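Worksheet: the structure to be examined is printed underneath.
No experiment lies behind these values; they were computed from the predicted model shown.
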Amino acid sequence: MSALTLKELNKIPVRLASGHRLCAGCSESIIAKQILLGTEKEVVVACATGCFEVSTTIFPYTSWKTPYIHTAFGNGAATCAGVEAAYQSLKRKGKVNEDIRFVTFAGDGGTYDIGIQALSGAMERGHHMLFVCLNNEAYMNTGIQRSSATGKGASTTTSWAGSVVPGKKEFPKDLTMIMAAHRIPYVAQGAPHAWKDMVQKAQKAFEVGGPAFINTIAPCPRGWRFASDETIAISKLAVETCVWPLYEVENGTDYTLSAESQRIADGKAEKKPITEWINAQGRFSHLRDEKWAPVVESMQAEVDKKWNSLLKLCKL
């Protein structure tokens, strides 16, 4: 499948209007616009409750220029699957002729935690839909509470850093690998700074003819404690430290590195230490204390272990 050229991308209408109420520096609108550049066809959007939903659909206004369905936290995938199933039925009966694509956007709370049952079911049933996780690593919409996507050591309002506890004690769930284990046609990780990579992955995901899942790192200035003009730099750093490798999985078995992650594997780019990731964000500021050095070491060891495992899966 050939990638769309810049000239072709420029012809695709903007499906998410400006004027929404996302925080300054929020990466979610950037990611959504990149994903929606992945198809020239009509798109139906479902959006689970979260930052993205409440900021783009404040009644009586909406930023969406597509058919749009707001769902609860837990049923984003189920709702989108139901609409896709209805569309397939109408198409078989000859009542609908348009070639339409379906996508759900949800945060990590509505994907990793509350929505994982509906997501797993929709993927297992084989619905022709794309599910995109806007992973900002906490329940940002309701007050920066930890989720199972929150990184170890991060201080949140429900995993406080103090004199005894160094923030969140657990490593994040690897939902990308969980989705790959479903052996669906397409699974990938993306990052907003790597826009070309994101658009190309979205293009693949929309056209695989079945369920697809893209997990995107979504840097959050408010929850991660960095300046609002550093969002893209933080996204890039996530990849450079291998905290968030860029890769794709086809049919649950074919793993391929992409963008900067492939350059790191080839030795053409530096794999930066976890300390650079920690030092760039206020949510980890307590880890700079020497007493938490073992926590930092465990974080680096976990990144290294997962990176080396991914390289083997990619046959590198």
Before giving the answer on salt bridge (Lys or Arg N to Asp or Glu O under 4.0 Å), spell out for Arg101 and Asp99 the whole-Å C-alpha distance, their side-chain angles and the decisive distance to 0.1 Å.
CA-CA 7 Å; Arg101 296 294 176 263; Asp99 197 5; 2.8 Å; yes
Intermediate values then yes/no, ring pair (Phe, Tyr, Trp, His ring centres under 6.0 Å), Trp244 and Trp277
CA-CA 11 Å; Trp244 194 259; Trp277 176 248; 9.5 Å; no
Verdict with reasoning, Arg225 to Ile144, per side-chain contact (heavy atoms from CB on, under 4.5 Å):
CA-CA 11 Å; Arg225 303 291 194 268; Ile144 319 178; 3.6 Å; yes
Verdict with supporting geometry, Tyr186 and Phe213, ring pair (Phe, Tyr, Trp, His ring centres under 6.0 Å)
CA-CA 6 Å; Tyr186 190 75; Phe213 175 82; over 10 Å; no
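Using a 4.5 Å cut-off between side-chain heavy atoms of Ile, Leu, Val, Met, Phe, Trp and Tyr, with links allowed through other members, Ile35 and Leu134 fall into the same hydrophobic cluster.
Panel note: side chain Asp289, backbone Lys291; a donor-acceptor pair is recorded below 3.5 Å. Distance alone, capped at 3.5 Å, is enough to place a donor-acceptor pair between the Gln34 side chain and the Pro192 backbone. Without hydrogens or angle criteria, Glu84 side chain to His127 main chain gives no donor-acceptor distance under 3.5 Å. Under a 3.5 Å cut-off, the side chain of Lys201 and the backbone N or O of Gln189 do form a donor-acceptor pair. With hydrogens and angles disregarded, no donor-acceptor distance shorter than 3.5 Å links the side chain of His193 to the backbone of Val239. Although no hydrogens or angles enter the test, the distance criterion places no donor-acceptor pair under 3.5 Å between the side chain of Thr241 and the main chain of Pro273.
Within a 6.0 Å sphere centred on CD of Gln88, other residues, nucleotides and ligands contribute more than 12 heavy atoms. Annotation for Arg288: atom CZ counts as buried by contact number, over 12 foreign heavy atoms lying within 6.0 Å. Within 6.0 Å of the NZ atom in Lys91, the count of heavy atoms belonging to other residues, nucleotides or ligands exceeds 12.
Using a 4.5 Å heavy-atom threshold, the side chains of Ile31 and Ile217 count as separate.
Residues Leu287 and Pro166 come closest through the heavy atom pair CD2-O, 4.1 Å. Considering all non-hydrogen atoms of both residues, Ala205 and Ile214 come closest at CB-CD1, 4.0 Å. Closest approach of Lys65 to Ala17, counting heavy atoms only: CE-CB, 3.8 Å. Taking all atoms of both residues into account, the shortest heavy-atom contact from Gly167 to His286 is N-NE2, 4.0 Å. Closest of all the heavy-atom pairs between Gly76 and Thr71 is CA-OG1, 3.2 Å.
Tyr112 and Asp174 are not linked by any side-chain donor-acceptor pair at a separation below 3.5 angstrom, with hydrogens and angles left out of the test. With 3.5 Å as the limit, one finds no donor-acceptor pair spanning the side chains of Tyr139 and Asp108. No side-chain donor from either of Glu250 and Thr253 sits under 3.5 Å from a side-chain acceptor of the other.
Of the charged side-chain nitrogens involved, none lies within less than 4.0 Å of a carboxylate oxygen, so that Glu137 and Arg146 do not count as a salt-bridged pair. Ion pair Lys41/Glu207 flagged as a salt bridge, since at least one NZ, NE, NH1 or NH2 atom sits closer than 4.0 Å to an Asp/Glu carboxylate oxygen.
Taking the six-membered ring for Trp, Trp64 and Phe52 have ring centres closer than 6.0 Å.
Ala265 is linked by a side-chain contact (heavy atoms from CB on, under 4.5 Å) to Leu257, Gln262, Trp307, Leu311, Leu316, counting only residues two or more places apart in sequence or in another chain. Taking the side-chain contact (heavy atoms from CB on, under 4.5 Å) definition, one finds that Ala269 meets it with Arg263, Ile264, sequence neighbours left out. Under the side-chain contact (heavy atoms from CB on, under 4.5 Å) criterion, His70 pairs with Thr49, Glu53, Tyr68, not counting sequence neighbours.
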